[in-house]
S.K.: 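Here it is, the structure, as structure tokens.
The chain is numbered in sequence order, starting from 1.
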Amino acid sequence: MLLISELTLLFLGVGASRSAVRGALTLRTLYATSAAAGVSLGYLFTVAVLVNAGAATAEEVRMPLWHLAVAAGLATAAAGAALVLVPRDGSADAGGSAASGSVGLRPGEKVVWVRGVGPRWLIGAGVLGAAVVVAAGVLGWAPGFWLWPVGLLLAVMAGSRAIVDGGGLTIRPPLLPAPRIHIPLQRIDRAWTAELRPLPDLGGWGYRITKGRRGLALRSGQALWLGLDDGREFVVVVDDAATAAGLLNDLLARNARRDP
């Protein structure tokens, strides 16, 4: 019974995620589905552990079917709570954005803008992870060695940089050629700044793809928004986003003068 419920919820989760990416489901529906799956699975896993804990043999294990009804009720309650607590999908478009202005780019002038996209606390977390790995090596604590991938991931996230130049927008980790995100200037129609709330605006934290929009958000705050030539949007939360938007708009205006 537990295996069947797991497979059912797994297929529902995969289907909901694919539908949300394609735009067939709203983000609120995806959150509700995720909450329902998490709560119901958590209940069933807990019950499975409890019914096995007091059994001496496999024949003594009993898991009545009414547990499925309880799991369904909890799933319904969790989905309802998610629909109530999660705001409706918002869109930070140019109408509600801050004016990007201009950086005063002169003809023939070349400018490069660089800022970090990682929150400052990630730097401390990466340093702490590295210290734990070193301590584990000195003390011979084997489980501590498994923390090095976490420390490496935190370091990559904390050190990632957003770069705006004549080629467009590039986001890449330090000292590594990949993974990287590149939006060519030719694909950008306009740039502006606006506040980003990762959960309602982008579907969560990290690199996200949702209906008509994709982006990178490691924190909430002022973000650089790009309107692309295919009607979609790209967004990244970064310090000094207004300067980046102004520079991109100046570069777009320069290209428009060259190729009317």
Side-chain angles (χ1 to χ4, degrees), residues 90-123 126 153-198 201-203 205-260:
S91 178
D93 55 21
S97 65
S100 58
S102 169
V103 298
L105 187 66
R106 294 186 295 270
E109 185 178 15
K110 294 183 179 180
V111 179
V112 177
W113 174 92
V114 182
R115 289 293 186 276
V117 300
R120 293 180 177 84
W121 65 264
L122 274 180
I123 300 176
L153 176 61
L154 291 176
V156 169
M157 293 171 63
S160 295
R161 296 288 184 266
I163 304 169
V164 173
D165 54 21
L169 170 67
T170 303
I171 303 173
R172 66 184 183 190
L175 306 177
L176 297 174
R180 65 193 293 266
I181 303 170
H182 180 62
I183 310 294
L185 188 65
Q186 292 76 13
R187 288 203 57 208
I188 302 174
D189 285 340
R190 57 195 175 100
W192 69 96
T193 60
E195 288 289 323
L196 177 83
R197 301 166 299 166
D201 293 334
L202 200 55
W205 288 261
Y207 181 74
R208 314 289 292 189
I209 301 176
T210 185
K211 182 180 180 180
R213 183 182 300 161
R214 63 189 178 99
L216 178 65
L218 302 180
R219 54 188 170 89
S220 59
Q222 197 74 2
L224 170 64
W225 293 75
L226 304 179
L228 305 181
D229 57 359
D230 59 0
R232 299 184 180 184
E233 296 174 342
F234 180 85
V235 58
V236 56
V237 178
V238 63
D239 293 333
D240 195 25
T243 301
L247 176 56
L248 283 169
N249 285 326
D250 284 355
L251 291 169
L252 290 171
R254 174 191 287 180
N255 282 1
R257 289 191 297 267
R258 290 177 178 174
D259 187 17

S.K.: Got a sec, which residues hit side-chain contact (heavy atoms from CB on, under 4.5 Å) with A241, two or more places apart in sequence or on another chain?
M.R.: T193, Q222, L224, V238
S.K.: Where is the tightest heavy-atom contact between S160 and P173, given as atom of each residue plus distance?
M.R.: OG-CA, 3.8 Å
S.K.: Check whether R254 reaches the backbone of R106 with its side chain - one donor and one acceptor, N or O, closer than 3.5 Å.
M.R.: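 Yes: the side chain of R254 pairs with the backbone of R106.
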S.K.: List the atom of L196, the atom of W225, and the distance in Å for their closest heavy-atom pair.
M.R.: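 Closest pair (atom of L196, atom of W225, distance): CD1-CZ2, 3.5 Å.
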S.K.: Got L185 and L252 here, is their nearest side-chain heavy-atom distance under 4.5 Å?
M.R.: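 Answer yes - side chains close enough.
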S.K.: Indicate yes or no: at least one non-hydrogen side-chain atom of E109 is less than 4.5 angstrom from one of V111.
M.R.: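 In contact.
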S.K.: Rounded at 0.5 Å granularity, tell me how far OG1 in T210 sits from CD in E233.
M.R.: 11.0 Å
S.K.: Would you compute the distance between atom NZ of K211 and atom CZ of R232 and round it to the nearest 0.5 angstrom?
M.R.: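 So the NZ of K211 and the CZ of R232 are separated by 11.5 Å.
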S.K.: Can you confirm whether R213 sits close enough to F234 that some side-chain heavy atom of one is under 4.5 Å from a side-chain heavy atom of the other?
M.R.: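 No; the side chains remain at least 4.5 Å from each other.
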S.K.: Assess whether a salt bridge exists between D239 and R115, defined as any Lys/Arg side-chain N lying under 4.0 Å from an Asp/Glu carboxylate O.
M.R.: no
S.K.: Within this structure, what is the CZ-CG distance for the pair R190 and L228, rounded to the nearest 0.5 Å?
M.R.: 10.0 Å
S.K.: What residue pairs, at least two apart or across chains, pass salt bridge (charged side-chain N to carboxylate O under 4.0 Å, His left out) with a residue in residues 178-187?
M.R.: R187-D229, R187-D230
S.K.: Mind checking the CG-CG spacing from L247 to N249? Nearest 0.5 Å is all I need.
M.R.: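 L247 CG to N249 CG: 9.0 Å, rounded to 0.5 Å.
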S.K.: Taking NZ, NE, NH1 and NH2 as the nitrogens, is one of them in D201 or R208 under 4.0 Å from a carboxylate oxygen of the other?
M.R.: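 Looking at D201 and R208, the cut-off is not met.
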S.K.: Quick check: do I163 and I171 have side-chain heavy atoms less than 4.5 Å from each other?
M.R.: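 The answer is no; the side chains never approach within 4.5 Å.
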S.K.: Find the distance between CH2 (W113) and CG (L169) and round it off to the nearest 0.5 Å.
M.R.: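 So the CH2 of W113 and the CG of L169 are separated by 7.5 Å.
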S.K.: What residues, two or more places apart in sequence or in another chain, satisfy side-chain hydrogen bond (donor to acceptor under 3.5 Å, both in side chains) together with R214?
M.R.: Y207
S.K.: Can you tell me how far apart CG (L202) and CG (L216) are? Round to the nearest 0.5 Å.
M.R.: 8.5 Å
S.K.: Out of V236, L226, V164, which residue meets the side-chain contact (heavy atoms from CB on, under 4.5 Å) rule with I183?
M.R.: L226
